[in-house]
Novice: 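Before I ask anything, let me first share the structure, which is written out below as C-alpha cells.
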2 protein chains.
Amino acid sequence: MRTAETAGKASRTLSSRPGLRERKKQRTRDALLRSALELFTTQGYERTTVDEIAEAVDVSPRTFFRYFGGKEDAALAVHGMAEEHFVASLRARPPEEPPLEALRRAVLESWDTISDAVVAVVPVELFLRMFRVIESTPVLLAAYLRRSAETEEQIARLLAEREGLDVDADPRPRLAVAVFGAVMRVTTRQWSADENGGLEAIRELAAAHLDQVGPALTGNWRTPARS
Amino acid sequence: MRTAETAGKASRTLSSRPGLRERKKQRTRDALLRSALELFTTQGYERTTVDEIAEAVDVSPRTFFRYFGGKEDAALAVHGMAEEHFVASLRARPPEEPPLEALRRAVLESWDTISDAVVAVVPVELFLRMFRVIESTPVLLAAYLRRSAETEEQIARLLAEREGLDVDADPRPRLAVAVFGAVMRVTTRQWSADENGGLEAIRELAAAHLDQVGPALTGNWRTPARS
DNA sequence: AAGCTAATGACAGTCACTGACAATCGACAA
DNA sequence: TTGTCGATTGTCAGTGACTGTCATTAGCTT
C-alpha cells in the first residue's frame, strides 16, 4: 500500500524498520491488545468474547489465538510488561546493595518509570483501569497470582546468584522474595480498592508498607500505626 | 431398598441419621470427589474429563456440576477443608497470644491433626498426592493461590478484630498475614518438590521457615544458614 | 515474474459449563 | 398403603474457549 521504498530489501540495516511483514504483525497484535483491554475494562472480562475482540480488529478469531495464548494472556499482557520492567530495574541494581534494599529501590524506581515502558503499547490510563479489572475478576486474579509466583521464583534465583547462594539449599532467598511479593500484593490490592488512580499513590503506599512490615511482624500491634 | 425404619420420620432425634435422601447425596458427593482425585492423581488433571469422573460414579455429567462448581472445585475441595481446619485452629487460640504466635501455633497444630479432619472423606495419601498435582498444574496452582488469598483476607479480619483494629485503616494485619501466608507457601512448595511424603516433614519445614523469616529479612545473607 | 514461506481464514471438533424441562425418588400425610 | 409434594436426577440443546488441519493469501527472495 505504501510506495515501495528504495531500501525495500535493506531490512537488516543498522537502525531501520524490520520489514512490512513484521510491522504488520506488530500492528495486529497491538490492535488486538488494545481492543481487548478496551472491551475488558468497559464490558467486563467475562462478558467479552474472543469473537468480539477479533471482530473489533477485523481478523478471524483463530488469529487472536495465534497472538495470545488465550483471553487471560491478553488481559495480563500489560502487567507482564510491568513485571519485566521491574525485573530489569532489579538487575540494574549495584551488586553491593543488600538484597532487600535492592528490591525496595527497584520497585519504587520501576513505578516511577513504568509509563515509559507501557505507554508505547497502551495508554497508562487503560493500564490502570485494567489493573482493577484483574483485581476484581476471580479467574484473572488467580492467573495474576500464579504469574507473580513465577516471577518471584525468577527473582529468588537472581538474588541467590547475586549473593552466591544455592536457592535449593538455602531457603532465605525464596523466603525474602515471597515476603516482599506479599507486601507488594497487599499494596497494589489496597491501591486498586481505593478510589485514587495515581501512579504516585501506589509509590507512596509501597514505601509505607515496606516500612511497616518490620513492625507488623513484631506482633505488638498495640503500638499506634499510620494507614 | 432398606426396610422402612420405625423411626422413619424421626430424622431429628438427637443422634441419629439425617434421612435416606441426605445420606444418598453425601455418598454421591464423596464418590465423585474420590473418583475425581483418583483420576487427577493418576492421569493428571488436564487429561481427566468431567465425563470420565461422572462415568466412574455412574451419574450424569450434569450431576457432577450440581455437587461441584467445576473441575477445579473438586480438585481443591480437600485443600479447602485443610484451610478451614487451620482457621478453626486459629480461632481456638487464646486471645492474649500475640497474633504471629497464634498463627504459628495454629499451623503446627493443624498439620498435626489434619488427618482427623480429612481421612473421613479421602485417605491421607490421596490428599498428599493431590497436593503435588496442584503444585504442578498451572490452572490449579492459580486457583489455589486465589483461594489462599481469600483465606488470608479472612484471617486478617479475624486477627484485626482480636487486636481491636480496623483492617482498612491499619495495614498491619493484612501485611502480617500476607507475610505469614507467603512463608507457608514457600514451605508447602518446597515440601511438594522434595521427594519426602510425610506429614511430619512439612511440620518441621514450616517451623524452620518461620524461624528463618526474621533473619532472611535482615538482608545479611553472608551469615550461615541451614536448609 | 516465479517460487518459497509465513500469516491468515475457514472448518470441524473437544471440553467445560449452563439453562430448561421431564422423569424419578424419597419424605410425609391421609 | 397410598397419594401428593418437593428435591434429585438425566437428557438435551446451546455457548464459549481453545486446538488441529488445510487451503488460501500475501510478503519476501532471486
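In what follows, every chain begins at residue 1, and chains take the letters A, B, ... in the order their sequences are listed.
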Novice: Evaluate the side-chain proximity of A:Ile53 to A:Phe68: yes if any heavy-atom separation is below 4.5 Å, no if none is.
Specialist: no
Novice: Does B:Glu152 pair with B:Arg185 as a salt bridge, N-O distance under 4.0 Å?
Specialist: yes
Novice: Show your working on salt bridge (Lys or Arg N to Asp or Glu O under 4.0 Å) between A:Arg129 and A:Glu125 and close with a plain yes or no.
Specialist: CA-CA 6 Å; A:Arg129 263 195 290 150; A:Glu125 170 248 353; 3.0 Å; yes
Novice: Does a side-chain N-to-carboxylate-O contact under 4.0 Å join B:Arg132 and B:Asp194?
Specialist: no
Novice: With respect to the side chain of A:Arg21, which nucleotide from C:dA7, C:dA16, D:dT8 is positioned closest?
Specialist: C:dA7
Novice: Using a cut-off of strictly less than 4.0 Å, decide whether A:Lys24 has a side-chain nitrogen or oxygen near OP1 or OP2 of D:dA26.
Specialist: no
Novice: Measure CD/A:Glu46 against C1'/C:dA16 and give the value in whole Å, please.
Specialist: 13 Å
Novice: How far apart are the closest heavy atoms of B:Thr187 and B:His209, and which atoms are they?
Specialist: OG1-ND1, 3.0 Å
Novice: Over how many whole Å does the gap from B:Ile53 atom CD1 to C:dA16 atom C1' extend?
Specialist: 11 Å
Novice: Does A:Gln154 reach the side chain of A:Leu158, with side-chain heavy atoms less than 4.5 Å apart?
Specialist: no
Novice: Check whether the side chains of B:Thr63 and B:Ser60 place a donor and an acceptor atom closer than 3.5 Å, and report yes or no.
Specialist: yes
Novice: Near DNA chain C, counting only heavy atoms under 4.0 Å, which residues of residues 31-44 of chain A show up?
Specialist: none
Novice: Measure the distance from CD on A:Glu52 to C1' on D:dA17 and round it to the nearest whole Å.
Specialist: 14 Å
Novice: Specify the separation, in whole Å, of atom CD of B:Glu55 and atom C1' of D:dG10.
Specialist: 15 Å
Novice: Round to a whole Å and report the spacing from CG of B:Asp51 to C1' of C:dT14.
Specialist: 10 Å
Novice: Without decimals, in angstroms, what is the distance between A:Arg47 CZ and D:dT15 P?
Specialist: 19 Å
Novice: Distance check needed: D:dA26 P versus A:Glu22 CD, whole Å only.
Specialist: 18 Å
Novice: Hey, which of B:Arg203, B:Arg91, B:Arg93 is the one that makes salt bridge (charged side-chain N to carboxylate O under 4.0 Å, His left out) with B:Glu109?
Specialist: B:Arg93
Novice: Taking only residues two or more places apart in sequence or in another chain, which ones pass salt bridge (charged side-chain N to carboxylate O under 4.0 Å, His left out) with A:Asp73?
Specialist: A:Arg147
Novice: Residues of residues 56-78 of chain A with any non-hydrogen atom less than 4.0 angstrom from an atom of DNA chain D: list those, numerically ordered, please.
Specialist: A:Arg62, A:Phe65, A:Arg66, A:Gly70, A:Lys71
Novice: Nearest-Å distance, OH (A:Tyr45) to P (D:dG16)?
Specialist: 14 Å
